[in-house]
Amino acid sequence: MSLPREDRLKALGLWPVWRLRDASQTASLATPAEAVATDIGDSWDALRSAVQSCTRCELSKTRTQGVFGVGDIAADWMIIGEAPGADEDRLGEPFVGQAGKLLDAMLAALGLKRGEDVYIANVLKSRPPGNRDPKPEEVQACLPYLLRQIDLIRPKLILAMGRFAAQSLLVTDTSIARMRGRLHEYHGVPLIVTYHPAYRLRNPADKAKSWEDLCLARQTMARLKDPGLS
Ligand code: URA
């Protein structure tokens, strides 16, 4: 049985809701800007400093720095991963380790380059120590930042990298196998699920499936940009 929307937002720590002052900014988001608590800054710079000084969860005690995100803040594409690892925690940028190299290759397959028409962020902005799995309360504490980033960027398409990111965003425990290959929606933004690059590095045999996901993403973006395409 699904909970009423208000209850779901409360369960995610996203209630009371926040509304953008300029309603036109939320025009493309069906259930939008509302879904963010009030204390996290409403401009990009305020949001970035809120992440840097955030103490909403225990991870603030062990991280080197908050990893806000990187890229074009007017991007059509948004890539969402799980959480910073050791390299990201040290350098302050998402996906800079081995997985990041593969992500850059995946972006190239989409005709994209880090920083150009793509914004890269994570569900968690702070590194879980020892790269342990994020805890539900950490996701709950951190999601408002990502939601606000999505609100401000208003991407045309989100690519969720890996089971954890997809399950956190879609609030489900469905397997990645079942989430791949179709179009989802996150706060009004179309979303496609694919394997995490770190998983891909461990499972090279799944390259073909990952390629299928990228083809679906590319076709979806083409349709979003030109709805006349069949
Ligand atoms: N894995 C992620 O999900 N995000 C990063 O930033 C790095 C590795």
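Read the numbers this way: they start at 1 and go in the same order the structure lists the ligands and their atoms.
Set against the non-hydrogen atoms of G81, the atoms of ligand 1 under 4.0 Å away are 3 (O). Remark: ligand 1 atoms within the under-4.0 Å shell around heavy atoms of H196 are 1 (N), 2 (C), 3 (O). Under a 4.0 Å criterion applied to the non-hydrogen atoms of P94, ligand 1 contributes the atoms 6 (O).
Geometrically, ligand 1 and A99 share no nitrogen or oxygen pair separated by less than 3.5 Å.
For R56 and Y145, the positive end sits near the middle of the six-membered ring, less than 6.0 Å away and at most 45° from its axis.
Contacts with ligand 1 closer than 4.0 Å are made by heavy atoms of both the backbone and the side chain of E82.
Summarising the local packing, CZ of R182 is surrounded by more than 12 heavy atoms from other residues, nucleotides or ligands at distances under 6.0 Å.
Using a 4.5 Å heavy-atom threshold, the side chains of R127 and T64 count as separate.
Side-chain N or O atoms of Q167 include one that pairs as donor or acceptor with a backbone N or O of T174 at under 3.5 Å. Under a 3.5 Å cut-off, the side chain of E88 and the backbone N or O of G85 do form a donor-acceptor pair.
Using a cutoff of 4.0 Å between basic side-chain nitrogens and carboxylate oxygens, D151 and R148 are not scored as salt-bridged.
For atom 4 (N) of ligand 1, the closest non-hydrogen atom of the protein is N122 OD1, 2.8 Å.
Residue-ligand proximity: M161 is placed with every non-hydrogen atom at 4.0 Å or more from ligand 1. The shortest heavy-atom distance from A83 to ligand 1 is under 4.0 Å.
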